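Read the structure below first, then the notes.
What you are looking at is a predicted structure, and each value in this text was computed from that prediction instead of being measured. Atoms considered below: every heavy atom in the structure, side chains included; atoms not considered: hydrogens, waters and symmetry mates. The chains referred to below are lettered A, B, ... by the order of the sequence lines, with proteins before strands, and numbering in each begins at 1.
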Amino acid sequence: LEEGLIFELGQPGRLGVDLPDAPQAPNRLGGLARRGGIGLPDLAEPQVVRHFTRLSQKNYGIDSGFFPLGSCTMKHNPRLNERMARLPGFSDVHPLQPISTVQGALELIDTLAHWLKTLTGMPAVAMSPAAGAHGEFCGMVAIKAALAARGESHRTRVLVPESAHGTNPATAAAIGFTVDPIPATTEGRVDLDAFKAKLGPDVAAIMLTNPNTCGLFERDIREIADAIHGAGGYFYCDGANFNAIVGRVRPADLGVDCMHINLHKTFSTPHGGGGPGSGPVVLSDALAPFAPLPWVVNQNGSYAVLEQAKAEAAQSFGRLKAFHGQMGMFVRALAYMLSHGADGLWQVSSDAVLNANYILASLKDVFSAPFEGPCMHEVLFNDDFLKDTGVSTLDFAKALIDEGYHPMTMYFPLVVHGAMLIEPTETEDKATLDQFIAVMRSLADKAKAGTAEAFHAAPRLTPRRRLDETLAARKPILRWVAPELAQAAE
Amino acid sequence: LEEGLIFELGQPGRLGVDLPDAPQAPNRLGGLARRGGIGLPDLAEPQVVRHFTRLSQKNYGIDSGFFPLGSCTMKHNPRLNERMARLPGFSDVHPLQPISTVQGALELIDTLAHWLKTLTGMPAVAMSPAAGAHGEFCGMVAIKAALAARGESHRTRVLVPESAHGTNPATAAAIGFTVDPIPATTEGRVDLDAFKAKLGPDVAAIMLTNPNTCGLFERDIREIADAIHGAGGYFYCDGANFNAIVGRVRPADLGVDCMHINLHKTFSTPHGGGGPGSGPVVLSDALAPFAPLPWVVNQNGSYAVLEQAKAEAAQSFGRLKAFHGQMGMFVRALAYMLSHGADGLWQVSSDAVLNANYILASLKDVFSAPFEGPCMHEVLFNDDFLKDTGVSTLDFAKALIDEGYHPMTMYFPLVVHGAMLIEPTETEDKATLDQFIAVMRSLADKAKAGTAEAFHAAPRLTPRRRLDETLAARKPILRWVAPELAQAAE
Amino acid sequence: MRYLPLTEADRRAMLATIGAPSVDALFKDVPAAAVRRAPVDLPHHAGELSVERQLKAMAGKNLVAGEVPFFVGAGAYRHHVPASVDYIIQRGEFLTAYTPYQPEIAQGTLQYLFEFQTQVAMLTGMEVANASMYDGSTACVEAVVMATRVTKRKKAILSGGLHPHYAEIAATHAAYGDFTLDSAAADPEGLEDLASRIDDQTACVVVQNPSVFGHIRDLTPLANAAHAKGALLVVVVTEAVSLGALMPPGAMGADIVVAEGQSIGSGLNFGGPYVGLFATREKYMRQMPGRLCGETVDADGKRGWVLTLSTREQHIRREKATSNICTNAGLCALAFTVHLSLLGETGFTQLAALNHAKTSQLVEKLKAVPGVRVLNEAFFNEVTLVLPKDASAVVEALAQKRILAGVPAARLWPDHSDLKNHLLVAVTETVTDEDMDALVAGLKEVLA
Amino acid sequence: MRYLPLTEADRRAMLATIGAPSVDALFKDVPAAAVRRAPVDLPHHAGELSVERQLKAMAGKNLVAGEVPFFVGAGAYRHHVPASVDYIIQRGEFLTAYTPYQPEIAQGTLQYLFEFQTQVAMLTGMEVANASMYDGSTACVEAVVMATRVTKRKKAILSGGLHPHYAEIAATHAAYGDFTLDSAAADPEGLEDLASRIDDQTACVVVQNPSVFGHIRDLTPLANAAHAKGALLVVVVTEAVSLGALMPPGAMGADIVVAEGQSIGSGLNFGGPYVGLFATREKYMRQMPGRLCGETVDADGKRGWVLTLSTREQHIRREKATSNICTNAGLCALAFTVHLSLLGETGFTQLAALNHAKTSQLVEKLKAVPGVRVLNEAFFNEVTLVLPKDASAVVEALAQKRILAGVPAARLWPDHSDLKNHLLVAVTETVTDEDMDALVAGLKEVLA
């Protein structure tokens, strides 16, 4: 049975909710009442529940199986966190209630901030960014504000390694910086000499992911930090890969000035098919005064919120998002942190790195690893091993789907050809890795045996086979239109 | 990927829970501490969640699609009911807390009792039975107690129609009654003359399902009631099919003395893969004094619980179940009742009957209906239409699975050959019925076209194909045994 | 109405197909005198918001266990159930499924039932277990009935340490069924001698461990005595967590073990739904009540599971069935299996040890309360106190101070005046040191 | 630790395979100075029970909206969300999925995003919508940036009826980005004239409807004025339910509509996560920020969905992307879609009508409070009151009486002394007659 669109299932005269009658009261819409219908379908509750249940059954999540999507940290999402986020004391509280009535909510934010600062060794944290890219924006604006405060607004060049996430250059550009790429060494790390050669009086910052997107720790990070500081710039660290070092290494000890933290990666708030995320940004002393509003401040055990660029917050660069940030995500992340504790988080990064290296060690004789290990929490292969097989990285990934796995990240980072980036995370057990390794080896054998056709045809066992993305982009259909209207329009 | 048994996934040294250290305190187990291991597997939480998620994906529920299982009333299970049952004021209250601290819980029981009594027109209800069959036991014991109180314990014969649920004779037998079957007419109803002929001074009761298991209303029910009463017996009504008449017909007006109500059928508490259920029993004035303990009594707005056969409850036949009954189910059922209200329940039975008759009308030219309509909430076909096709009712049902449906009830009731009993319920829409009708017709065409082989091979698209039930019964394996132990045992 | 998808237009079209003038016409077989013209006298339909308000108002009148120091047990125990358990049992594929009579699309239910049966057998130390019963109390009487069937004898001896509700249920079945009871007097000291009551008419001896008063005993001598006379030993467990710390009934010679499984996976729920565990020896397998899930293979030779040995059951066997039982406690069994899978061997034994240690800790603390005597020498997580005053009044007084101190024995044995000062006190992992101190302080105050 | 499945034995075996002596050795690329020898100074791991206790203690210090008469709005609204919405979004297949970059195993996410986009387009009266933004406030500034891109102009005019947080965010982006703002003064009376500010440097006019003060206006004249100068009209909606009662922005000439979708499907959550709606005309489709889901066919010719037009996005386009946005608000978008599907055309318009009628009812009741003036002539479900006293003090006094009376304008415009007596009051379907009476009585008392 195919599942139609919700609009195709509706029929006027049904109700999926029961509402009380409206009281008699004057209409005060001032003549601006809606005329004509909206076009929404009418359904009863059983139909709606079944529709979305069936849709869910066409999805693959961490709960469904192994999800080794590199750079995305698809780790287990504890249900305790969901339960905690639904405590009415958090979920049913308005952001503009009197401050006296939300002391517990502010305490939670302050407690989470304390954990983030302690884990990173940084003195301050901006809580309001809604996601990683928003955190990047926050950090880069703080840098721009700090430069302005120093009277160095002429510093507009930002150095970004070629292997960076796309959000890095996009963010820098959005704030009016120019992006200057730094090449990588053959070892998959920043080319220190090339980097130093690019330093100059117009350099604002370097944006560096560490561990980097090749899954490698930037060995020269202290030297990079010193150099950028020496050149008068700031060190923005992309914290997407914090999971690899959380609890074991503090970014402050690496010399960073600011770093965003994807709560939905390292701290396990669910990805939810694309969000919501949360991207707090830790800041050094140099950048802290410019942190966005609002600031939560603990005043002798009672909490206040600074919402204006005045007093302590006089240098704040302003507001980034309405209200206080992604509270629901804060609760989940703190529940996760309290559950693991300092000792557990140490073990998180240990096991994440161990799992990735185990995959590297178990596959490197068959797959082609462009860089030497040890890797950190993820392992990168290129498509050399597929040379002359007629099988592409994409084909290989789609064949994995038929084996019951979510594919690894493909074609990222851009610095290696046909990249396959595998991140097992610490919440997978050895048996799962062993099974995955066996499947990977067997698929590689098949590819080399000249069965390209079978790979091209994959996946076969999914709700849909390969989808025509070109058609979608060439003739975009972004919404459903009632057939009678669609016809009339033609 | 096949999902192993949980025992096959474990490995010593993991933990799926974190517990605090035990306090220092003397061991007071008196030398009776467990020696040796239990054999349970150790897993971490991510593995457990994934394991049971994967198992769930091998199941079909109402949320998955149409579930026309006759006699089982597989209607929509609202999530509101689940939410209400989880209110701490209901879910986190102990049955033996002081009565002063559970007034709300008792109010809920009393309110539900009021709804059940009003909907059935009966003066009393016993709330404690844990399920339908337990309710039957309760009702029949009340009858036995009433007979004893009348000094008529010699009445030991119970009349049960051949079409009855198996629980009816099993229950009667468990209480020491003898079961005397009543034949059916060619119209699928109790043979009134045969029934009357069986009446006599040793008759204790009739157990009659109404609407009966052929989906028909027993037209002569008032006459049956009068006759059994005239003969000094009681009228036990099996209320499994109450969904067909709820809100429109009160069993009291049909002359019944007692009737159990499956809250998981008519009132939508979830079936849960086989329970828990709840089977309150409404009782006539004649039987009410014998109702089981405990009794919840409203004393000027405060609630008391009678737990002994004393005072008002002096004639109670005693206790049936620990504590107060299936409270969690009570909350769900009351949430459902309050949601529908008297007007909604009227519509429930109207739509349930309408849906069934629509299927009957739409299939009767192709399928063989042994009895004339109108039917009530379910429609019965026999296998005449499959004659000489080589396709059995079972084959036909399994073929439906591959079309995306849960099969109808098969081979029940026993009074027709190769029975197919279809109950759509009121929570299905017309489009779903139309689609089902089309599939049914198409399968019937295929069967008649001589494609028996394909039917024998069904289902093909399921997690498992047809399972060998004979093997399971011949060499029962009822538990997992560690391979090394199993080997040692051989 | 939100659960009803038919529109008025649908209804008209469907009636036309049927050829009926109205829905009323479809009810033509209902005797005229019973045909209602209007809905019954109850409130009309209401939205979610309204229903929530009404039910929350009722819920709000109860004192929630988790909000107060809490020591109530006597057959139902407040343990912490992990959030993932509740998530799993709410998944529609489990929640809205039927009994797995169509195994091809019910392997999920069947596999967890097989896992459940295995877990129950392991915990109890027995060979086989069924797919769950309503609860411990009804499982207990089913065990008695089964024992009469196995032994073809008609008398059951009930221990004075058996939960009174369980004993009362057995008495109901005895009064209206086909066996008799020999019930020992309440046994607060845990010193009763049941062996001497066993004779060659005895089908079984039913004994609870820990007893309702909290005593634990080695049942091996009783098992030997029963077996010597051809009787069965039925062991009842109302606190399943105790099986993580104590010698299992199977190791002490039990023939049938029944238990209340609520402690693992289910909340207190004011008494239900809970889940009954039922285990026995392999040789009695075909005499068991309730559903059984068995392993088999499918048409392709793959391992799978089905309901099996259903010739014991009512839907096949009708009046000759081993029980009239039909429903089990599927979803609570699932909760049990998920919770126990999370606990594992390590967690479950740790949990049991923690329960015991905390109880022992409270017993030590209670020494500070003048006039209070603990009756138990050996116990698991529940003990019986003798107070210098009427225990019901003490419990009520403490409830007013928002302390739920336990179950006064008089609640369970209202007619036993010699038990009126007895109080059953249970301690689980959810009890904090502060809770214990509050109880001790409260008792001192109320008893002063 | 319950989330970590590796055993010590596993770790040893894996290190042996790797050929590393220890896990520490795998961290050899970390500069020695940054290598920690021990965990940081934070508490160690804790079980569920302990974590629950800690978080419940914090939650318990907040005054829960649902427990009191509640009139707080100003950009976040307390509506009733059906239980089935929360059930659906908790299903692991949705909750634990990633962004649907692998469409073959993400058709569930993709189909609901397509449904979401359609619903948003329908509600706003626009042609196309994206797959959601972080929230309304960030969507607003993205609209401004897009308008500058479309018009190649650099100035945005902001209405004085725009939520101050939204305006402040735009100001941040303006200060550090590539456009300027012309911001009108706060407009409590709803009488501002923006048309006269539009010139041929104007990229867009940003106006909120209903305004933050609750006023509703016909925006057609403003749209015409903008279009006459080649500028776009950006309409902001912070109360999505209003779209069920009011003429949609698309019908009044909006070029871009952004909205806070929290009212449909999401709780208050102390401000987040919420869901931003973003809709525009088809001709601007390729200038939109954020993800888009599009229809296509698979290798077998079956209809299916994919993420599309991703050449706009950062992961392809990098520094030339239309936005740096990566994450959207997937799960909140799902909640929106499920809730709106339950409501349907009938329910959604009824809900909007109910909100308005209740608000109008409160306005009538407020006439009984001496000294209180309602500023709004036309409104949806929120109005601005002028009190005879400092509104912040009144709100605080009422909060002490457990009435949450609304948002004092001073909370949003701390520097505007002429707004210090202004109070924003919102009414939804969750407000009862008793709640209104409590507010009226409370106001009388506090103002007396």
Side-chain angles (χ1 to χ4, degrees), chain A residues 16-17 22 25 30 39-40 42 52 55-56 58-63 87-89 91 94-96 98 101 104 130-131 133 166 169-171 173 217 253 272-277 318-319 322-324 326-328 338 341-344 346 350 358 361 374 429-430 462 464-465 472 477 479-480, chain D residues 5 10 14 18 23 26 29 34 39 42 44-45 58-59 61-64 72 88 92-93 96-97 99 104-105 107-109 118 122 134 137 165 168 172 269-273 294-296 298-299 304 308 314-315 318-319 321 324 326-328 330-331 342 344-345 347 354 357 360-361 378 399:
Chain A
V17 295
L40 296 171
D42 280 347
F52 289 102
L55 290 194
S56 77
K58 300 181 181 191
N59 259 19
Y60 189 100
I62 305 167
D63 284 0
L87 290 173
S91 66
H94 193 287
L96 297 177
T101 68
T171 300
F217 199 94
D253 298 333
R319 190 178 285 275
F323 314 126
H324 310 277
Q326 303 284 63
M327 181 70 175
L338 293 174
D343 54 337
W346 173 283
S350 302
Y358 182 65
D429 64 8
K430 181 169 175 292
T462 44
R464 283 291 177 275
R465 300 189 52 205
I477 305 175
R479 61 172 291 186
W480 180 83
Chain D
D10 288 336
M14 292 164 77
I18 296 165
V23 170
L26 301 175
D29 290 328
L42 286 167
H44 278 212
H45 70 282
M58 291 187 207
K61 294 176 189 167
N62 301 320
L63 185 56
V64 175
V72 188
I88 292 289
E93 292 88 339
T96 74
T99 307
E104 298 89 354
I105 47 173
Q107 285 295 302
T109 298
T118 305
M122 284 174 168
Y134 304 141
S137 71
H165 287 187
E168 291 164 21
T172 299
N269 290 323
F270 196 56
E295 184 176 313
T296 187
D298 80 349
T308 192
Q314 50 73 27
H315 64 283
R318 301 179 76 87
E319 63 269 30
N324 80 330
C326 173
T327 303
N328 66 358
L331 218 54
L342 285 166
E345 180 90 8
L354 177 60
S360 179
Q361 184 188 12

Roughly how far, to the nearest 0.5 Å, is CG of D10(D) from OH of Y358(A)? 8.5 Å
Which atom names give the shortest non-hydrogen contact between A97(D) and Y60(A), and what distance separates them? CB-O, 3.6 Å
Heavy-atom pairs under 4.5 Å with chain D are the metric here; pick the option from I62(A), D429(A), L87(A) that has the most. I62(A)
Test item: side-chain donor near acceptor, N59(A) and T109(D), under 3.5 Å: yes
Sort out for me which of G294(D), A399(D), G271(D), G304(D) touches chain A most, counting heavy-atom pairs under 4.5 Å. G271(D)
Listed partners of P95(A) passing side chain to side chain contact (heavy atoms under 4.5 Å, CB included), at least two apart: F323(A), H324(A), A76(D), Y274(D)
So, for R319(A) and T172(D), which heavy atoms are closest and what is the spacing to 0.1 Å? O-OG1, 2.7 Å
When every non-hydrogen atom of E345(D) is compared with those of D42(A), the smallest separation belongs to N-OD1, 2.9 Å
Taking the side chain as C-beta and beyond, is there a heavy-atom pair between E104(D) and R465(A) under 4.5 Å? no
Any side-chain heavy-atom pair from M122(D) and L40(A) closer than 4.5 angstrom? yes
The interface call for L96(A) against chain D, heavy-atom contacts under 4.5 Å, is both
Minimal heavy-atom distance between Q361(D) and A25(A), with the atoms involved, is N-CB, 3.7 Å
Can you tell which part of T308(D) gets under 4.5 Å to a heavy atom of chain A, answering side chain, backbone, both or neither? side chain
Among the listed options V23(D), T99(D), L63(D), L42(D), the residue most often paired with chain A at heavy-atom distances under 4.5 Å: L42(D)
Partner set under salt bridge (charged side-chain N to carboxylate O under 4.0 Å, His left out) for D29(D), not counting sequence neighbours: R189(A), R219(A)
Any side-chain heavy atom of P276(A) within less than 4.5 Å of one from L331(D)? yes
Give the minimum heavy-atom separation between D343(A) and H45(D), together with the two atoms involved. OD2-ND1, 2.6 Å
Rounding to 0.5 Å, atoms CD1 (I105(D)) and NZ (K58(A)) come to a distance of 14.5 Å
Select, from G61(A), S350(A), A342(A), the one with the greatest count of heavy-atom pairs under 4.5 Å involving chain D. A342(A)
Taking every non-hydrogen pair under 4.5 Å, which of A130(A), G344(A), G104(A), G16(A) racks up the most with chain D? G104(A)
Drop me the distance from L55(A)'s CG to Q107(D)'s CD, to the nearest 0.5 angstrom. 9.5 Å
So, the side chain of S137(D) versus the backbone of A322(A): is there a donor-acceptor pair under 3.5 Å, distance only? yes
Max heavy-atom pair count under 4.5 Å with chain D, selected residue of G277(A), S91(A), A22(A), G30(A): S91(A)
Looking only at D253(A), T101(A), T462(A), the option with the highest number of non-hydrogen pairs under 4.5 Å against chain D is T101(A)
Separation of T118(D) OG1 from W480(A) CH2 (nearest 0.5 Å): 8.5 Å
Can you give me the closest heavy-atom contact between A361(A) and I18(D), atom names plus distance? CB-CA, 3.8 Å
In terms of heavy-atom pairs under 4.5 Å with chain D, the winner among A173(A), G39(A), G318(A) is G39(A)
